[in-house]
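First listed ligand is number 1; within each ligand, the first listed atom is number 1. Note that the structure is a prediction, hence the values are computed from the model and not measured.
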Amino acid sequence: MTDEQLILENRRGAVSVLTINRPDKRNALNGALRCALLGALDTAGRDSTVRVVVLTGAGDKAFVAGADIAEFEGRTPVDQFRVMTQPSVYDALERLSKPVIAAINGFCLGGGMELALACDIRIASTSARFGQPEVNLGIIPGGGGTQRLPRVVGLGAACRMILTGDMIDAAEALRLRLVEEVVAAHELLNRAVAIAETIAAKSPVAVSAAKEATRAALSLPLEEGLKLERALFQLCFASEDKVEGVRAFLDKRTPTFPGR
Ligand code: COA
């Protein structure tokens with residue numbers, strides 16, 4: 001299978017739907033798949049006609065069932081060091097200047113959870129199952145799970161998942177606010193794309209700045225975060241989008257944002 005086929009790209013207007021396509025292995029992340037996903041995210045980032053990305057898994061069983069466990073066998077710490085000093089898909093998702101919505105359609109485990117956690121919004125189907133099962137393999141999450149999961153669901157809920165390795169269902173994920181919405185499987189992609197289209201209709205400059213400022217809330221002290229927010233707010237005043245957005249409101253019409 002070529003790298004292109006490991007990630008399918010389907011455009012729906014300004015929304016790029018990226019499908020992780022290794023369903024026979026429950027979309028487990030191997031080296032080639034990570035590379036293909038990095039390439040697809042880079043392309044989406046550079047393409048000004050793409051305003052929002054939706055990330056999902058192929059088939060009806062899994063979003064992503066984690067790292068490819070077969071690749072772990074026989075791997076030395078030096079091999080693993082080399083792998084982990086490559087560009088990270090988790091960082092790429094978080095740093096993408098466009099929002100990414102995870103449409104979680106089944107097993108969302110290990111590295112799959114970590115991918116979902118690096119996305120900006122998570123929508124799940126009722127059949128989704130979530131877990132950080134690394135302790136079952138004698139390892140720990142290595143794609144940001146120990147850091148991002150507690151920031152999303154709190155320390156206790158994160159410890160319960162990471163230390164027991166137990167899976168939770170979609171209803172429990174919603175209760176923990178690990179996901180924003182749960183919908184029937186047949187509605188999942190349309191719902192994720194609908195949210196993406198709402199965002200895609202806004203000012204791209206403002207959306208990028210808003211993503212950066214809001215994400216910084218999880219990593220910066222309050223004073224620093226507020227400083228960043230002010231700087232990005234002021235930056236928006238340099239954009240044609242701001243001129244258009246304000247003028248359109250005053251003219252009582254729908255804005256057409258140039259994205260500059
Ligand atoms: N890495 C490599 N292969 C994986 C995989 C993973 N993380 N998850 C699933 N697969 C493979 C299975 O080995 C199997 O391959 P085979 O058909 O060649 O034997 C195929 O995907 C289907 O998996 P199977 O276990 O038969 O499907 P299932 O629907 O009964 O169970 C899971 C699905 C996800 C619950 C189960 O596969 C599983 O527990 N996977 C590992 C999850 C994990 O520990 N992830 C964290 C890794 S750090």
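Distances from atom 40 (N) of ligand 1 to the protein include no heavy-atom value under 4.0 Å. For atom 29 (O) of ligand 1, a protein heavy-atom neighbour is found at a distance under 4.0 Å. Of the protein's heavy atoms, at least one falls inside 4.0 Å of atom 8 (N) of ligand 1. By the definition of a contact as any protein heavy atom under 4.0 Å away, atom 44 (O) of ligand 1 is in contact. Shown here, atom 21 (O) of ligand 1 is in close reach of the protein: a heavy atom of it lies under 4.0 Å off. In this structure, atom 18 (O) of ligand 1 is in close contact with the protein, since a protein heavy atom lies within 4.0 Å of it. When distances from atom 12 (C) of ligand 1 to the protein are checked, no heavy atom turns up under 4.0 Å. Under the 4.0 angstrom criterion, atom 48 (S) of ligand 1 counts as having a protein heavy-atom contact.
Side chain of D169 to main chain of A171: a donor-acceptor pair is present (N/O by atom type, distance under 3.5 Å, no hydrogens or angles). Between the R260 side chain and the E240 main chain, no donor and acceptor come within less than 3.5 Å of each other. Although no hydrogens or angles enter the test, the distance criterion places no donor-acceptor pair under 3.5 Å between the side chain of R177 and the main chain of L174. Looking only at distances, no side-chain donor or acceptor of T126 sits under 3.5 Å from a matching main-chain atom of A184. Looking only at distances, no side-chain donor or acceptor of D68 sits under 3.5 Å from a matching main-chain atom of L29. At least one donor-acceptor pair closer than 3.5 Å links the side chain of N105 to the backbone N or O of A62.
Atoms of ligand 1 lying under 4.0 Å from any heavy atom of L137, numbered from 1 in the order shown and given with element: 47 (C), 48 (S). Near D68, the atoms of ligand 1 lying under 4.0 angstrom from a non-hydrogen atom of the residue are 1 (N), 2 (C).
Residue D24 places a heavy atom less than 4.0 Å from ligand 1.
Protein heavy atom closest to atom 15 (O) of ligand 1, with residue, atom name and distance, is K25 NZ, 3.4 Å. Closest to atom 33 (C) of ligand 1 among all protein heavy atoms lies F107 CE1, 3.6 Å. Looking from atom 5 (C) of ligand 1 to the surrounding protein, the closest heavy atom is A28 CB, 3.9 Å. In terms of protein heavy-atom proximity, atom 1 (N) of ligand 1 is closest to I69 N, 2.9 Å. The single protein non-hydrogen atom nearest to atom 42 (C) of ligand 1 is A65 O, 3.4 Å, given as residue, atom name and distance. In terms of protein heavy-atom proximity, atom 37 (O) of ligand 1 is nearest to R26 CG, 4.5 Å. Of all protein heavy atoms, the one lying nearest to atom 38 (C) of ligand 1 is L109 CD1, 4.7 Å.
Shortest non-hydrogen contact noted between I199 and P99 is CG2-CG, 3.8 Å. Taking every heavy atom of both residues into account, D79 and G74 meet most closely at OD2-O, 4.1 Å. Taking both residues in full, the closest heavy atoms of I101 and A192 are given as CD1-O, 3.7 Å, listed atom of the first, atom of the second, then distance.
Electrostatic pairing of R75 and E71 counts as a salt bridge here, judged by a charged N lying under 4.0 Å from a carboxylate O.
For the side chain to side chain contact (heavy atoms under 4.5 Å, CB included) with P141, the qualifying choice from Q147, R148, M161, Q132 is Q132, the only one to do so.
Taking only nitrogen or oxygen atoms, main chain and side chain alike, A70 does not reach within less than 3.5 Å of ligand 1.
Shown here is R95, whose CZ atom has no more than 12 heavy atoms of other residues, nucleotides or ligands within 6.0 Å.
Here P133 has side-chain heavy atoms under 4.0 Å from ligand 1, and that is the only part of it that gets that close.
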